[in-house]
Protein chains: 2
Amino acid sequence: MNASSKPERTRLSAEDWEDAALSLIAEQGVNALAVEALARQLGVTKGSFYWHFRTREALLQAALERWEQYGEREIISQIEAIPDPRVRLPELFRRVAHELQPHRVYAALLKALDHPQVVPVMARVSQRRMDFLNTAFTQAGLPPEQALNRSRLTYAAYVGFLQLNFTLGLPRISHEEFDHYVEHMIATLIPH
Amino acid sequence: MNASSKPERTRLSAEDWEDAALSLIAEQGVNALAVEALARQLGVTKGSFYWHFRTREALLQAALERWEQYGEREIISQIEAIPDPRVRLPELFRRVAHELQPHRVYAALLKALDHPQVVPVMARVSQRRMDFLNTAFTQAGLPPEQALNRSRLTYAAYVGFLQLNFTLGLPRISHEEFDHYVEHMIATLIPH
DNA sequence: GATTAACCATACGGATGAGTATGGAATGCT
DNA sequence: AGCATTCCATACTCATCCGTATGGTTAATC
């Protein structure tokens with residue numbers, strides 16, 4: 001087990017630093033993003049970092065933009081193909097529920113909403129996802145205002161569950177219970 | 001406009017420091033809780049602080065416990081008196097929705113869930129509130145498992161909305177729209 | 001009104017982490 | 001091979017913030 005997950009002794013690029021930053025953010029939050037700590041984790045020193053980036057702020061910015069772009073071509077683009085919204089929505093719920101790994105960064109950024117650099121990124125990402133929900137609910141037959149409120153409610157439930165169960169570890173729930181919870185969400189939030 | 005909200009030049013007590021700490025947490029988060037900054041805001045120096053508290057950690061602990069105890073005798077104890085759960089639940093929703101001021105600390109602590117001192121407090125508070133919801137949903141006629149899941153869903157929606165609208169400022173919503181959203185929540189989440 | 005205890009100011013030490021300066025090692029190009 | 005460019009190490013400076021030491025000031029008490 002080496003210091004990093006990539007034990008190759010090759011030289012580093014800016015993208016390597018961005019990826020390392022994102023994984024560190026996912027594990028320990030934005031506050032823990034220190035250049036010396038990152039350097040140790042990558043097996044180098046600060047001298048390397050300040051060649052690739054002008055400042056710590058620049059790294060965070062680059063990492064956030066990288067994450068935002070990567071998030072674009074994720075679940076949504078695959079799910080968008082399903083024509084029937086009453087099939088698409090439950091499928092979305094179940095997929096999201098069982099792929100909690102990519103949501104670790106989102107959960108970490110949720111705890112860094114006091115940081116000025118994080119806010120606009122999270123605002124864009126969240127808005128896009130809520131727009132996606134909104135069109136789905138509208139296509140499912142909900143009138144415009146109800147669809148808007150339902151998408152807000154749904155996304156709030158997602159965000160809240162992330163915070164409660166993911167970060168706080170509450171409620172202590174089993175896999176089976178979790179599946180039942182997801183089905184309960186589907187039954188409650190999706191019109192039938 | 002003085003440095004603090006209390007321009008009296010009287011001497012300080014430990015409780016004054018705890019209150020100041022809580023208001024600073026509400027405004028700038030737990031990370032911003034620095035003793036020198038607090039001292040400046042109170043118009044004194046560190047010398048005062050370290051007479052009342054052994055360490056910064058101790059202040060945070062005391063402030064958190066103070067907040068937790070204060071939260072006990074809040075909305076819940078007043079709402080608990082309403083016997084009919086189908087009246088109690090909507091009333092709870094509306095009350096909580098229009099008293100967002102006391103929730104600022106909760107929203108700030110939600111962003112500090114990586115802090116070891118914050119986690120147990122938030123776990124206790126959140127668990128108590130979910131228990132309250134659970135008994136209400138049970139009394140409203142939901143079978144045990146559904147009531148449990150519904151209370152989880154409801155509380156997650158609350159937490160998520162706090163993060164999205166309160167901290168992130170998304171969606172940009174008017175008072176009227178907000179009222180409609182609350183009514184939509186009531187109609188969707190409370191059995192009828 | 002003098003003494004004691006409660007409260008606060010000033011001045012330090014030490015740790016941490018961002019950013020700079022500069023020289024050295026590795027790699028690509030010719 | 002020789003050279004320039006890219007990448008990294010070492011050794012600093014500087015600012016911030018926690019905590020300590022110590023002496024001074026205010027308020028209570030007899």
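What you see below is based on every heavy atom in this structure, not just the backbone, and it leaves out hydrogens, waters and symmetry mates. Letters A, B, ... are given to chains in the order of the sequence lines, protein chains preceding strands, and every chain is numbered from 1.
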Interatomic spacing from CZ in A:R124 to CD in A:Q127 - rounded to 0.5 Å: 12.0 Å

Could you state the atom-to-atom distance from NZ of A:K46 to C1' of C:dT16 in whole Å? 10 Å

Quickly work out the B:L33 CG to D:dT16 C1' distance and round it to whole Å. 15 Å

Which nucleotide, C:dA9, D:dA9, C:dA18, lies nearest any side-chain atom of A:V44? D:dA9

Salt bridge flag under 4.0 Å for residues B:D19 and B:R66: yes

Contacts of type side chain to side chain contact (heavy atoms under 4.5 Å, CB included), residue B:L148, not counting sequence neighbours: B:N134, B:S151, B:R152

I need the OH-C1' distance between B:Y50 and C:dG13, as an integer number of Å. 13 Å

Per the 3.5 Å Watson-Crick/G-U criterion and a run length of at least three, the stems involving DNA chain C are C:1-12 with D:19-30, C:14-30 with D:1-17

Quick check: do A:L33 and A:L59 have side-chain heavy atoms less than 4.5 Å from each other? yes

Starting from C1' on D:dT16, measure out to CG on B:L38 and report it in whole angstrom. 16 Å

Take atom CD in B:E57; do more than 12 heavy atoms of anything else shown fall under 6.0 Å from it? no

Enumerate the protein-to-nucleotides 2-7 of chain C contacts in which both atoms are nitrogen or oxygen and the separation is below 3.5 Å.
from: C:dA6; atom 1: N3; to: B:R11; atom 2: NH2; distance (Å): 3.3
from: C:dC7; atom 1: O4'; to: B:R11; atom 2: NH2; distance (Å): 3.0

Contacts satisfying ring-ring contact (aromatic ring centres under 6.0 Å, His included) that involve residues 28-49 of chain A (not counting sequence neighbours) are A:W17-A:F49, A:F49-A:F53

Give me each pair satisfying ring-ring contact (aromatic ring centres under 6.0 Å, His included) with a member in residues 111-154 of chain A, each pair once, sequence neighbours excluded. none

Between atom CD in A:E57 and atom P in C:dG17, what is the gap in whole Å? 18 Å

Between P on C:dG17 and CZ on A:F49, what's the gap in Å once rounded to a whole number? 14 Å

Please list all pairs meeting salt bridge (Lys or Arg N to Asp or Glu O under 4.0 Å) that have one or both residues in residues 80-90 of chain B, counting only residues at least two apart or in different chains. none

Please confirm whether A:R129 makes a cation-pi placement over A:Y158, using NZ or CZ under 6.0 Å from the six-membered ring centre and within 45° of the ring normal. no

Side-chain N or O of A:T45 versus OP1/OP2 of D:dT10: is the shortest distance under 4.0 Å? no

Using whole Å, what does the distance between atom C1' of nucleotide D:dT6 and atom CD of A:E15 come to? 15 Å

In whole angstrom, give the distance that lies between atom CZ of B:R40 and atom C1' of C:dA9. 15 Å

With nearest nucleotide decided by heavy atoms, which residue, A:E36 or B:A34, maps closer to the 5′ end of DNA chain D? A:E36

